[in-house]
Number of protein chains: 2
Amino acid sequence: MSNNPTIAEPLPNDIQILNSMRQIIRAIDVHSRKLKAQYNITGPQLICLGIIQASGSSTVTKIAHEAHLSTSTVVGILDRLEHEAYILRERDRVDRRNWNVHLTDQADHLLKMVPPSLHYGLLNALQSLPEGEQEVIANAFKRVVSLMGAENLGTALLQKITPVDKSKPPSE
Amino acid sequence: MSNNPTIAEPLPNDIQILNSMRQIIRAIDVHSRKLKAQYNITGPQLICLGIIQASGSSTVTKIAHEAHLSTSTVVGILDRLEHEAYILRERDRVDRRNWNVHLTDQADHLLKMVPPSLHYGLLNALQSLPEGEQEVIANAFKRVVSLMGAENLGTALLQKITPVDKSKPPSE
DNA sequence: TGTTAATATGTCGTACACGAATGATTATTA
DNA sequence: TAATAATCATTCGTGTACGACATATTAACA
C-alpha cells in the first residue's frame, strides 16, 4: 500500500466516475427514504405513478420499459401501490393478458402534493445551471450510458411522443 | 406550462440526466449479475474485496465509508463473503469493538482472475477515450454529486486531499 | 381442430441497501 | 468507582431489483 503523507495524487478519471456513481446511487436511495418518511411513498413508486399519470393508463410491461426496470420489479412496486390504494388494476377486455393500471383519486391528490421537482432535489439544482452546462452534463451522462451499453438493456421505448402506432390500437 | 405539440422535441436536460441515471443503475446491476453467474461473486462484493485488499486489512466502518454504503449493508456483504471463505474476521485485540477483516488466499486468487477492468466494462471504454473527454465526464459526475449533496452523505473520508476550490456554495 | 410459439403477468429465491434498535466494548465524566 | 456517553458491529423489518420459472392468454401453424 502506497502511503504518501505529503501529496495525494488524484484518482484516475475512471475510478472517480465510478466513485461518483456510487455516491449518486446512494443519494437517490437516501432521498427515496426521506420521501417515504414524509409522504409514505418511495422514489420508484413515484416514478411509476408519474408514468401512469402521463399515459392515463399503462401496463406492467410499458411501465417497466419507461422506468428502466424489469417487470418483476414493477410488479412488486405496483403491489405496494395497490395496497396503498394508489392504483387500480383492470384486466384488458380485448387482450386479457394485459392488466391496465389506473391512478386513483388518492394518487392524483398525492401527485399534486409532491411536485415533480421534489422527486429529486437535483432537478431544482440542475435547472438553476446555465443551459450550456446542463447540456454538458446531460451529454456526459448519455455517453456513459452508451459506453455501458445500457441503451440496449431492455428499454428504448421511452420517447413519450410515439407519433403513430397503428399496429396496436390503444384501448383508451 | 408550455405545451408544444408540434415536434417531438427532446426531453429537458434534467429529465434526460435522471433518465441516464436510471439506465446506469440498471447497467451496473445487470453487470453484477453477470459477474455472479460467471465468477459467483457480485459487484458490491468485489468492491469490498478490493477495498480490503488495498488496505491489507480493514473494518466494517472503514469499508462502508470507502464504498459509500451503510454499515448494515456491508455486514450483509461480508457475511456472504465469509460464507464463501473469501474473508476472515478477527477481533481487534486492542479495541475489541473492531473486527479486522482479512482476505483469504482464495480471495487473492479470485481477484487475480477477475481483473479490475472487469468490475465494470465501463472502465475499458473510459480508458480508451481521450484524456480531455474523460475529464469532462468526471467533472460532470462530480458536479452532479455535489448538486445532490451526496458528498455530505456519510462518507467524506475517501477524498485524500484534493486541493480543489474551497468555495462551497452555502446551501444551508 | 389441436399443437406450438409468443406474450403478459405473477411467484419465488437471492442480494443489495437503508434506518432503527440492540448488545458489547471503550471512553468520558461526575 | 460508578454512571454516562460514544463507538462498533450486528440484527431486524421494509423496499427495491433481478432472473428463472409458472400460469394464463393470445397468436401462428399445420
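Since this is a predicted model, take the numbers as computed values, not measurements. Each chain gets a letter, A, B and so on, in the order its sequence line appears, and its residues count up from 1.
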Near A:R93 CZ, under 6.0 Å, is it more than 12 heavy atoms from other residues, nucleotides or ligands?
-> no
Give each protein N/O atom lying under 3.5 Å from an N/O atom of nucleotides 1-4 of chain D, with the pair distance.
none

Return the value, rounded to whole Å, for the distance between atom CG of A:D79 and atom C1' of D:dA17.
-> 14 Å
Which ones in residues 94-102 of chain B lie close to DNA chain C, meaning a heavy atom under 4.0 Å from one of its atoms?
-> B:V94, B:D95, B:R96, B:R97
Sorted by chain and number, sequence neighbours left out, ring-ring contact (aromatic ring centres under 6.0 Å, His included) with B:F141 holds for A:F141
So what does B:V75 hit on the nucleic acid, given a heavy-atom distance under 4.0 Å: a base, only sugar-phosphate, or nothing?
-> base
Non-neighbouring partners of B:T73 that pass side-chain hydrogen bond (donor to acceptor under 3.5 Å, both in side chains), sequence neighbours left out | B:S70
Applying side-chain hydrogen bond (donor to acceptor under 3.5 Å, both in side chains) to A:R96 and not counting sequence neighbours gives none
Expressed in angstrom and rounded to an integer, what is the separation of A:I28 atom CD1 from D:dA17 atom C1'?
-> 14 Å
Hey, could you give me the NE2/CD1 distance between A:H102 and A:I52, rounded to the nearest 0.5 Å?
-> 10.0 Å
At under 4.0 Å, does any side-chain N or O of A:T61 touch on OP1 or OP2 of C:dT9?
-> yes
Among the clusters formed by ILVMFWY side chains lying less than 4.5 Å apart, do B:L103 and B:V75 turn up in the same one?
-> yes
List for me each residue that meets side-chain hydrogen bond (donor to acceptor under 3.5 Å, both in side chains) alongside A:N139, sequence neighbours excluded, and say none if there are none.
-> none
Find the distance A:H83:NE2 to D:dT14:C1' and express it as a whole number of Å.
-> 13 Å
Whole Å only: how far is the CD atom of A:Q38 from the C1' atom of C:dG19?
-> 16 Å
What integer distance in Å separates B:L78:CG from D:dC8:P?
-> 15 Å
With sequence neighbours excluded, what pairs up with B:R80 under the salt bridge (charged side-chain N to carboxylate O under 4.0 Å, His left out) test?
-> none
Pull out every protein N or O sitting under 3.5 Å from an N or O of nucleotides 15-18 of chain C, one pair per line with the distance.
residue: C:dA15; atom: OP1; partner: B:K36; partner atom: NZ; Å: 3.0
residue: C:dC16; atom: OP1; partner: B:T42; partner atom: OG1; Å: 2.6
residue: C:dC16; atom: OP2; partner: B:Q45; partner atom: NE2; Å: 2.6
residue: C:dC16; atom: OP2; partner: B:R80; partner atom: NH1; Å: 2.6
residue: C:dC16; atom: O5'; partner: B:R80; partner atom: NH1; Å: 2.6
residue: C:dC18; atom: OP1; partner: A:R26; partner atom: NH1; Å: 3.1
residue: C:dC18; atom: OP2; partner: B:S70; partner atom: N; Å: 2.6
residue: C:dC18; atom: OP2; partner: B:S70; partner atom: OG; Å: 3.4
residue: C:dC18; atom: OP2; partner: B:T73; partner atom: OG1; Å: 2.9
residue: C:dC18; atom: O4'; partner: A:R33; partner atom: NE; Å: 3.3
residue: C:dC18; atom: O4'; partner: A:R33; partner atom: NH2; Å: 2.9
residue: C:dC18; atom: O2; partner: A:R33; partner atom: NH1; Å: 3.4

Can you find a side chain N or O atom of B:R89 that sits less than 4.0 Å from OP1 or OP2 on D:dT10?
-> yes
Atom CZ of B:R22 and atom P of D:dT16 are separated, to the nearest Å, by 14 Å
Contacts of A:D79 meeting salt bridge (charged side-chain N to carboxylate O under 4.0 Å, His left out) (sequence neighbours excluded), chain-then-number -> A:R89
Given a cutoff of under 4.5 Å between side-chain heavy atoms of I, L, V, M, F, W and Y, with clusters grown through shared members, what are the other residues clustered with A:V136?
-> B:V136
Between CD1 of A:I87 and P of C:dT9 the distance, given in whole Å, is 12 Å
How would you list, by chain and number, every residue that makes a side-chain hydrogen bond (donor to acceptor under 3.5 Å, both in side chains) with B:D108, sequence neighbours excluded?
-> none
Whichever of B:D92 and A:T59 has the more 5' nearest nucleotide on DNA chain C, that residue is A:T59
Sequence neighbours excluded, which residues qualify as side-chain contact (heavy atoms from CB on, under 4.5 Å) partners of A:T71?
-> A:V60, A:T61, A:A64
Please state how far atom CZ in A:R93 lies from atom C1' in D:dA24, giving the value in whole angstrom units.
-> 19 Å
